[in-house]
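The structure appears below as structure tokens.
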Protein chains: 2
Amino acid sequence: MKSNEFNLDDFLPYQLSVLSARMNRLLSKVYGEQYGLSIPEWRVLVHVARREKMSVRDIHKCVNLEKPAVSRAVTKLEATGLLIKSTSEDDHRLVDIELTKDGIEVLNNITPKALVYEKELLSSFSTEENTQLYALLERLHDELDKYPDAMPRKPRADGRPRGLVK
Amino acid sequence: MKSNEFNLDDFLPYQLSVLSARMNRLLSKVYGEQYGLSIPEWRVLVHVARREKMSVRDIHKCVNLEKPAVSRAVTKLEATGLLIKSTSEDDHRLVDIELTKDGIEVLNNITPKALVYEKELLSSFSTEENTQLYALLERLHDELDKYPDAMPRKPRADGRPRGLVK
DNA sequence: TCAATTTCGTTTCACTTGCAACGAATATCG
DNA sequence: CGATATTCGTTGCAAGTGAAACGAAATTGA
């Protein structure tokens, strides 16, 4: 193929990049419009909700955010009163992060809306197509795992093996 | 679903976001390592290669980059000697952008490598799966088109209708 | 026990991005 | 024509991001 025939529109990384950007843009309405949350903040919030206490490191290991990004998100969320930081008693280097009542409430408000959007986007998909989509994306992740240059993938938060459908 | 059961790992926007980030990271090796190109620069370069002359606006309309991003990318690419800017004779507001010989050569060098990566990532996919993947992503785009808040999608550079497989 | 190393979270810095504003050039319409 | 509005590309600015450096705390190993 001569390079002047190369078409960005058929190039998978470009497709995914644009699709992801559009989806994030749409969902930032849910995260941001009402509570002013950024995507990193939303990820942190969601992840912390899984357990009583959680360290920055735990979050970093799970939600594909850089350590500084997590640190900043946590700081901001504390300022907004959605969570509380305290140094761990066992290990004074660690920070225990815990959602406040407000944090839980905000999350309970946002999460259903986010799921509605996801559902709407997939509304034209049959059950099989839905399964296929996740399976195909999973396969791409698997391929990327072979390249050390593609940043390594984080383990599932719930510890379950990957690739199973919901 | 209670929000503390919500799992980011099964949330489509998150999945896509991470996948796209990983893929971009991997490909930045191709774009950047040898010639120091950023993704915006790569997109501009690829798009300009399609025609003799091209304005900033044309590029902006096609490659999902903000106008300032295109402008900066073009400026930098001119500094590197990969393209030439000149004010259009017909309309002095427009900038004619043209690849230099070097620009074409760089592109001829990079493009095949990018395609190899794409191919490798899809190497485990059957023809049908490949088709399915593109079709499903296309459908997601179609759904997003219904929401004005998701940034509108740009037309295909080659003017062909969407959704046809390569 | 104590020095060297490692880990954790934060901070700093250079860089990129998105949005609004701007000047220059053209188009529109009385 | 001539005033107003629009379009094009650039620039300024505030916010976000990634990588490296840093101090504090813990672990290791002589």
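Every chain is numbered from 1, with letters handed out A, B, ... down the list of sequences.
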Exercise for the section: Between C:dT26, D:dA19, C:dC8, spot the one nearest the side chain of B:His92, thanks. Expected result: C:dT26

Exercise for the section: Please state how far atom CG in A:Asp58 lies from atom P in C:dC8, giving the value in whole angstrom units. Expected result: 9 Å

Exercise for the section: Compare the minimum distances between each of C:dG9, D:dT7, C:dT17 and the side chain of B:Arg93, then state the nucleotide with the smallest one. Expected result: D:dT7

Practice task
Fit a plane to each ring of B:Tyr31 and B:Trp42, take the angle between them on a 0 to 90° scale, and name the class: parallel (under 30°), tilted (30 to 60°) or perpendicular (over 60°).
Solution key: parallel

Practice task
Report yes or no: is the cationic atom of A:Arg139 (NZ for Lys, CZ for Arg) under 6.0 Å from the centre of the six-membered ring of B:Phe125, at an angle within 45° of the ring normal?
Solution key: yes

Do any side-chain atoms of residues 18-25 of chain B form donor-acceptor pairs under 3.5 angstrom with protein atoms, and if so which ones, sequence neighbours left out?
unit_1: B:Arg22; atom_1: NE; unit_2: A:Met151; atom_2: O; d: 2.8
unit_1: B:Arg22; atom_1: NH1; unit_2: A:His141; atom_2: O; d: 3.4
unit_1: B:Arg22; atom_1: NH1; unit_2: A:His141; atom_2: ND1; d: 3.0
unit_1: B:Arg22; atom_1: NH1; unit_2: A:Asp145; atom_2: OD1; d: 3.2
unit_1: B:Arg22; atom_1: NH2; unit_2: A:Asp145; atom_2: OD1; d: 2.7
unit_1: B:Arg22; atom_1: NH2; unit_2: A:Met151; atom_2: O; d: 3.3
unit_1: B:Asn24; atom_1: ND2; unit_2: B:Ser20; atom_2: O; d: 3.4

Practice task
Look at the side chain of A:Arg57 and the base of C:dT10, then say whether one donor and one acceptor between them are separated by less than 3.5 Å.
Solution key: no

Practice task
Using the closest heavy atom to pick a nucleotide of DNA chain C for each, name whichever of A:Arg72 or A:Val95 lands nearer the 5' end.
Solution key: A:Val95

Problem - Residues touching DNA chain C, which here means a heavy atom under 4.0 Å, drawn from residues 145-154 of chain B - result: none

Problem - Of A:Ala69 and A:Asp91, the one whose closest DNA chain D nucleotide lies more 5' - result: A:Ala69

Fill in the blank from the handout: Whichever of B:Ser55 and A:Pro40 has the more 5' nearest nucleotide on DNA chain D, that residue is B:Ser55

Exercise for the section: Classify the nucleic acid contact of A:Ser38 as base, sugar-phosphate or nothing, counting any heavy atom under 4.0 Å across all strands shown. Expected result: nothing

